Every structure is written in C-alpha cells, then in structure tokens.
Amino acid sequence: MEDLTTLETVVIAIVEGLTEFLPVSSTGHMIIAQNVLGVESTEFVKAFTFIIQFGAILSVVCLYWKRFFRLNREPAPAGASALKRFLHKFDFYWKLLVAFIPAAVLGLLFSDAIDAMLESVTVVAVMLIVGGVFMLFCDKIFSHGSEDTKLTEKRAFCIGLFQCISMIPGVSRSMATIVGGMAQKLTRKAAAEFSFFLAVPTMFAATVYKMFKLFKDGGTEIIMNNLSPLIVGNVVAFVVALLAIKFFISFVTKYGFKAFGWYRIIVGGIILIMLLTGHDLRMV
C-alpha cells in the first residue's frame with residue numbers, strides 16, 4: 001500500500017518545485033503542506049521530501065547545462081604547479097566542492113538532530129518570520145557590495161558556511177546561500193545562480209543519503225511499494241522548478257527580496273497564530 005495518494009504526491013511535489021529555489025524554505029513549506037493535507041510522517045514520507053529534490057536539481061542542470069558542463073579554458077597562471085593547473089581546469093567544480101563541504105560534514109554529524117527538527121511546524125513558522133524580517137532589509141545591508149562576480153575559493157567556502165544555517169527548517173537553503181553570496185559582494189544575480197549550482201551536489205547528496213538510510217533500515221519493500229509516488233513526484237518537481245527558476249532570476253534582479261520577506265512573515269505569522277490558539281492546520 002502506498003503511503004501517499006496521487007493528490008498528496010502532486011501537491012507536495014508542486015510545493016517542492018515552487019519553493020526549492022525561492023528564498024522561502026522548501027522544507028518548511030513541505031512540512032506545512034503535509035500537515036495541511038493530514039499526511040502521516042512515515043519513514044517513506046520523510047525520505048520522499050528529500051528524494052523528489054532530485055527532480056528539482058535536474059531542472060538546474062537542464063537550464064544551465066552549457067555552464068554546468070564546461071571546463072575552464074582560460075590559461076593557468078604562469079609557473080603554476082601540476083595540481084594548480086588541474087584545479088584551474090576544473091575550477092567550476094572545485095568551487096562547488098569547496099562550498100559543499102561544510103554542509104556535508106555538519107549534515108552527517110547532526111543528521112538525527114536535523115530529522116528531529118523536521119517534525120516541528122513551530123520551528124518552521126518562527127524561522128519563516130525571522131528570515132522574512134531579515135529579507136526586508138538585506139538589499140540595503142548588502143547594497144554597498146561591489147559588482148564583482150568573480151568567485152574565489154574563499155568566497156565559495158563562506159557561501160558553504162552560510163548554507164549550513166539552512167539545516168534549520170524554515171530558514172531556506174536558497175536564502176542562506178544567496179545572502180552568503182551577497183555578503184561576499186556578489187551581485188544578486190550571480191549569488192542566485194551560484195545558489196542554484198550549489199543545490200545540485202548538496203541536494204543530490206541528501207537524496208542519496210536518505211535513500212541509503214532507507215535501504216539500510218530495511219526500506220527496500222517500502223521503496224518498491226511507492227515507486228509511483230516517487231516517479232510522479234520527481235517529474236512534477238522538475239517541471240515546476242523549471243518555471244520557478246526562470247521567474248525568480250528575473251524578479252529578484254529587478255525587485256530584490258522584500259516581497260519574499262513579507263510573504264515569509266505573513267505565512268509564518270498565520271501558522272504561529274493558529275498553533276498558539278490551538279487550531280489544527282489540517283484541512284482534510
């Protein structure tokens with residue numbers, strides 16, 4: 001028996017595709033969606049929310065494939081060692097690896113604590129509000145930044161440290177990494193695009209890790225019984241994420257982050273009020 005109905009699968013996948021690359025927290029919104037739909041948080045459902053991220057990251061590879069699958073053709077600095085020449089050739093992938101390492105290390109060390117926080121809608125609501133307030137002012141905070149889009153190893157690593165904050169549900173991986181990029185004086189567009197690129201190894205690793213844990217804990221039968229939701233979920237997340245990325249780059253370049261800040265505050269505030277007044281989020 002499948003853990004998710006077709007409607008539940010499609011709704012959660014749409015939420016994932018819409019919010020994964022927007023600075024509003026995809027994990028937080030999927031937790032909210034599960035509660036609204038009354039979906040039981042089974043081991044498969046927990047894994048499902050990570051696995052369908054694979055569909056979303058494929059949208060990045062599809063949209064930016066010319067930039068994603070290329071080597072650095074600029075000549076290496078004169079007198080560079082063999083290692084530096086190698087790293088220079090694979091500069092794009094090396095910077096992604098440097099930025100990915102902090103989250104990979106902390107994710108492995110604190111996996112259980114992160115899973116525990118995923119159960120809390122209250123944490124999501126609070127962090128949506130906190131992040132929203134910050135986003136109202138982040139354009140002004142980083143308005144002094146240069147228009148330098150060159151990504152150094154140091155900048156990549158710092159962005160990777162910012163990404164670690166997004167392990168708290170409701171923070172938003174996209175918001176954390178974009179803010180990290182702007183803090184390193186990248187333009188909004190350059191920071192957003194690197195955030196998309198960094199999502200590929202980060203979310204792919206999270207997907208593989210969740211699949212491994214599920215299989216290790218005897219979840220082979222669970223996966224086989226839920227192949228349909230997994231396939232549908234990934235396809236829906238892929239298509240919706242394609243549209244969301246195109247919209248986001250255009251919108252944020254022109255208007256900044258204030259609209260997303262107000263959205264986070266309103267959604268987080270409504271949920272927090274409902275929880276504090278003893279109301280159930282379930283609609284079904």
Side-chain angles (χ1 to χ4, degrees), residues 4 7-37 39 45-46 48-60 62-63 103 114 117-118 120-121 123-132 134-135 138 162-163 165-179 191-193 195-200 202-204 206-207 210 232-252 255-271 281:
L4 292 169
L7 176 61
E8 291 166 349
T9 298
V10 171
V11 170
I12 294 174
I14 289 175
V15 171
E16 159 62 21
L18 277 176
T19 59
E20 183 58 56
F21 300 104
L22 303 184
V24 296
S25 178
S26 62
T27 302
H29 276 71
M30 283 193 286
I31 292 172
I32 294 168
Q34 288 173 43
N35 279 267
V36 170
L37 293 169
V39 175
V45 171
K46 291 178 184 178
F48 174 81
T49 59
F50 282 90
I51 294 170
I52 61 172
Q53 291 177 341
F54 183 74
I57 64 175
L58 283 181
S59 67
V60 176
C62 179
L63 281 175
I114 294 168
M117 285 192 291
L118 291 175
S120 176
V121 181
V123 171
V124 172
V126 171
M127 296 314 299
L128 281 173
I129 295 172
V130 171
F134 176 78
M135 295 194 76
C138 71
F162 271 85
Q163 180 171 242
I165 304 172
S166 67
M167 292 179 182
I168 304 173
V171 169
S172 169
R173 192 206 62 82
S174 176
M175 184 190 83
T177 51
I178 291 172
V179 168
E193 288 182 343
S195 172
F196 298 159
F197 297 146
L198 182 55
V200 176
T202 302
M203 293 158 59
F204 180 75
T207 298
K210 286 295 179 181
V232 171
N234 274 285
V235 171
V236 172
F238 170 78
V239 174
V240 176
L242 280 176
L243 301 174
I245 290 173
K246 290 184 176 181
F247 158 77
F248 178 63
I249 285 293
S250 175
F251 186 91
V252 79
Y255 305 109
F257 298 101
K258 187 171 288 187
F260 296 105
W262 282 118
Y263 170 80
R264 291 175 63 109
I265 292 169
I266 292 169
V267 172
I270 291 173
I271 294 171
L281 295 182

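Predicted model, so just to flag it, every value in this text is computed and none were measured. Heavy atoms only: backbone and side chains are in, while hydrogens, waters and symmetry mates are out.
Shown here for R264 and V171, the closest heavy-atom pair between the two residues is NH1-O, 3.2 Å. Heavy-atom minimum distance, S195 versus T177: OG-OG1, 2.7 Å. Across I51 and T207, no two heavy atoms sit closer than the pair CA-CG2, 3.7 Å. Scanning both residues, A241 and A56, for their nearest heavy atoms gives CB-CA, 4.1 Å. Taking each heavy atom of I31 and P169 in turn, the nearest pair found is CD1-CB, 4.2 Å.
For the pair C62 and F238, the minimum side-chain heavy-atom distance is below 4.5 Å. With contacts defined as side-chain heavy-atom distances shorter than 4.5 Å, the pair I249/F196 qualifies. Taking the side chain as every heavy atom from C-beta outward, T49 and T27 never approach each other to under 4.5 Å.
Within 6.0 Å of NZ on K258 lie no more than 12 heavy atoms contributed by other residues, nucleotides or ligands. Residue Y255 qualifies as open at atom OH: its count of foreign heavy atoms under 6.0 Å is 12 or below.
Proximity of the aromatic rings of F257 and F134 is defined here by a centroid distance below 6.0 angstrom, and this criterion is not met.
Legend: residues meeting side chain to side chain contact (heavy atoms under 4.5 Å, CB included) with I270, ordered by chain and number and at least two apart, are I266, M274. When the side chain to side chain contact (heavy atoms under 4.5 Å, CB included) test is applied to F204, the partners found at least two apart in sequence or on another chain are F54, I57, V208. The side chain to side chain donor-acceptor pair (under 3.5 Å) test applied to S166 returns no partner, not counting sequence neighbours. Judged as a side chain to side chain donor-acceptor pair (under 3.5 Å), and not counting sequence neighbours, the contacts of Q163 are R173, T202. With sequence neighbours left out, the side chain to side chain contact (heavy atoms under 4.5 Å, CB included) criterion links I265 to V133, L136, W262. Residues satisfying the side chain to side chain contact (heavy atoms under 4.5 Å, CB included) test with A206, not counting sequence neighbours, are F50, Q53. Taking the side chain to side chain donor-acceptor pair (under 3.5 Å) definition, one finds that Y263 meets it with H29, sequence neighbours left out.
Rounded to the nearest 0.5 angstrom, M30 CE and L37 CG are separated by 12.5 Å. In this structure, the separation between OG1 on T9 and CD1 on I52 is 8.5 Å, given to the nearest 0.5 Å. In this structure, the separation between OG on S172 and CZ on F260 is 10.0 Å, given to the nearest 0.5 Å. Atom CG of residue L243 and atom OG of residue S59 lie 9.5 Å apart, to the nearest 0.5 angstrom. The CD1 atom of I165 sits 8.5 Å away from the CE atom of M127 when rounded to the nearest 0.5 Å.
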For a quick test of your reading: what N or O donor-acceptor pairs under 3.5 Å do the side chains of residues 10-25 make, sequence neighbours left out?
| from | atom 1 | to | atom 2 | distance (Å) |
| --- | --- | --- | --- | --- |
| T19 | OG1 | V15 | O | 2.5 |
| E20 | OE1 | S26 | OG | 2.9 |
| S25 | OG | G28 | N | 2.9 |
| S25 | OG | G170 | N | 3.2 |

Give the intermediate values and the outcome of side-chain contact (heavy atoms from CB on, under 4.5 Å) for residues L128 and V123. CA-CA 8 Å; L128 281 173; V123 171; over 6 Å; no
